[in-house]
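Note: hydrogens, waters and symmetry copies are ignored here, and every other heavy atom, side chains too, is used. Numbers restart at 1 for each chain; the letters A, B, ... are given by sequence-line order, proteins then strands.
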Number of protein chains: 2
Amino acid sequence: MDGYDKYAHEPFAVTVDLAVLTLRDGALHVLLVERGQEPYAGHRALPGGFLQPDESAETAARRELAEETGLSDVSGLHLEQLRTYSEPGRDPRMRVVSVAFAALLPHAPEAHGGGDAARADWVPYGTAGPLAFDHDRILTDAHDRVGAKLEYTCLATAFCPPEFTLGELQRVYETVWGTELDRPNFRRKVLATPGFVEPVPGTARLTGGRGKPAALYRAGTATTLHPPLLRPPREGRPT
Amino acid sequence: MDGYDKYAHEPFAVTVDLAVLTLRDGALHVLLVERGQEPYAGHRALPGGFLQPDESAETAARRELAEETGLSDVSGLHLEQLRTYSEPGRDPRMRVVSVAFAALLPHAPEAHGGGDAARADWVPYGTAGPLAFDHDRILTDAHDRVGAKLEYTCLATAFCPPEFTLGELQRVYETVWGTELDRPNFRRKVLATPGFVEPVPGTARLTGGRGKPAALYRAGTATTLHPPLLRPPREGRPT
DNA sequence: CCTTTTATAGTCGTGATGACCATTAAAGGG
DNA sequence: CCCTTTAATGGTCATCACGACTATAAAAGG
């Protein structure tokens, strides 16, 4: 920024794009809108919009999140800046620099038309088909980032309601990572990490039907996991 | 970006800011320029500049890196996008959205006036005094990010010349983390991680003066560390 | 009452790691 | 030339984390 006073500068349009992720029926879903106009008419796209003059990217992202999900209170939701996409040709109409965010929702409010006219839908991750612009890339980056942060942070609780069972927490890991985890070992690890979860005393809940009722937990105060909860290394890759 | 066709949008100036880090004399240094004009005249700032119309942020960052360091070939250097800073008041003159990068240099070319008139200097990390704009925050974020990535990636070799000793590699960790590591344990860990480093056969070098000559290694093909090389947990923080 | 399902408890062996100690190979000083 | 200093390298040992696995408890459903 030292060059301010010497360089001529071009104006850019600045947008935010959101990869809003949640778990529905044990599968990872992403919130997508359908484009009505060219370019990419008929294609799905990540929700987003232009930065307003008095907004930071984070503020704009949270505003868009509220508009697209219809939730009245998005202040507690985890919103994380991914990176900024600025390739010159990424929007055929004009030069657009887009700050991408990942948002994590504990439960899935029904999809609906947000503040925008475009309809928003929950789409299972991976079945979205080709998205508009470079949104496939952004969505992949979001998934990679979330998967990685599950390893060394307490981010998984952001997918859970305020009170949750360890089984639900485990399903977050399994769904995002696409792997199965050993249940006793997962319990041991989570409970041995101070501040990851704290028990809600004397409570139990039926998970849905059969089985022994599970104890309820709340998210703890810790933010990082030491040591991390590593996902099982893939076959064929060196350990 | 679905709102393109409905929202009026404000143009923004887009810049890149660089936290260029290297090791000099066993201490972490950062490349800073001195501002000659208001605002923040006389303060140091991170090097950077405006995005050109045909550039991505990465391209602009690498161009700025070459200009400020004077290096003829910056193509092999590690350049990593940190995040984008977009608070409305971060530049008093106008609305500027800045994409920040961290760059890692193996050796420190002498500081000099780059393509810009502003002089560039290597300044020990932590002694920079208050920087212009929100550059203190950016620099802190860069340090945090690099420190974290040392744990689970092979990023440390980006601070090293093409051939290096394990002692040099260890000093990267110690310098960035500000901790001391046990030398035999560090060796064991690095050598036990496939693809982290590979030996340069039959070579040895004197580290500078006394002591047994150390074997030389090159960076391997691996990019991630499984399991990670965790920094010792700080006292007072839960493990 | 028995099976199914899920939660919870515990065991055991292996591997990674932290804390050490020992040895080797160089430089420097008397 | 010997001795000290310095740094690299090689190794031990106890502890801990973790994967694999078995067992028990508490619910629903037939």
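- Spacing between atom CG of B/L191 and atom C1' of D/dA8 amounts to 12 Å, rounded to whole angstrom units.
- A salt bridge links B/R63 to B/E67: one of the charged nitrogens lies within less than 4.0 Å of a carboxylate oxygen.
- Judged by closest nucleotide on DNA chain C, B/R188 is the one of B/R188 and B/D182 placed further toward the 5' end.
- The B/N185 side chain lies nearest to C/dC20 when the options are C/dA7, D/dA28, C/dC20.
- Ring-centre distance between A/Y173 and A/F186: below the 6.0 Å cut-off.
- In this structure a side-chain-to-backbone donor-acceptor pair under 3.5 Å is missing from A/W177 to A/R231.
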- Task: Applying side chain to side chain contact (heavy atoms under 4.5 Å, CB included), run through A/T22 and A/H29 and close with a yes or a no.
- Result: CA-CA 5 Å; A/T22 196; A/H29 282 63; 4.3 Å; yes
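- If you take CZ of A/R231 and C1' of D/dA17, they are 19 Å apart, rounded to a whole angstrom.
- When each of A/L216 and B/K189 is assigned the nucleotide of DNA chain C bearing its nearest heavy atom, the one mapping closer to the 5' terminus is A/L216.
- The OH-P distance, from B/Y173 to C/dT17, rounds to 12 Å in whole Å.
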- Give the dot-bracket string for DNA chain D, reading 5' to 3', where a pair is Watson-Crick or G-U wobble with both distances under 3.5 Å, ( ) marks pairs inside the strand, [ ] marks pairs crossing earlier ones, | marks a partner on another strand, and . marks unpaired. ||||||||||||||||||||||||||||||
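- Considering only side-chain N and O atoms, A/R210 lies nowhere under 4.0 angstrom from the phosphate OP1 or OP2 of D/dG29.
- For the pair A/Q170 CD and C/dT6 C1', the interatomic distance rounds to 11 Å; values are reported in whole Å.
- Taking atom NZ of A/K212 as the reference point, atom P of C/dT5 lies 18 Å away to the nearest angstrom.
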- Item | Stepwise salt bridge (charged side-chain N to carboxylate O under 4.0 Å, His left out) test for A/R83 and B/E80 | CA-CA 10 Å; A/R83 48 160 291 184; B/E80 173 159 338; over 6 Å; no
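- In this structure, of C/dT8, C/dA25, C/dT4, it is C/dT8 that holds the atom nearest to the side chain of A/P184.
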- Checking side chain to side chain contact (heavy atoms under 4.5 Å, CB included) for the pair B/C154/B/L225: CA distance, chi angles, key distance, verdict? CA-CA 7 Å; B/C154 300; B/L225 264 44; 3.2 Å; yes
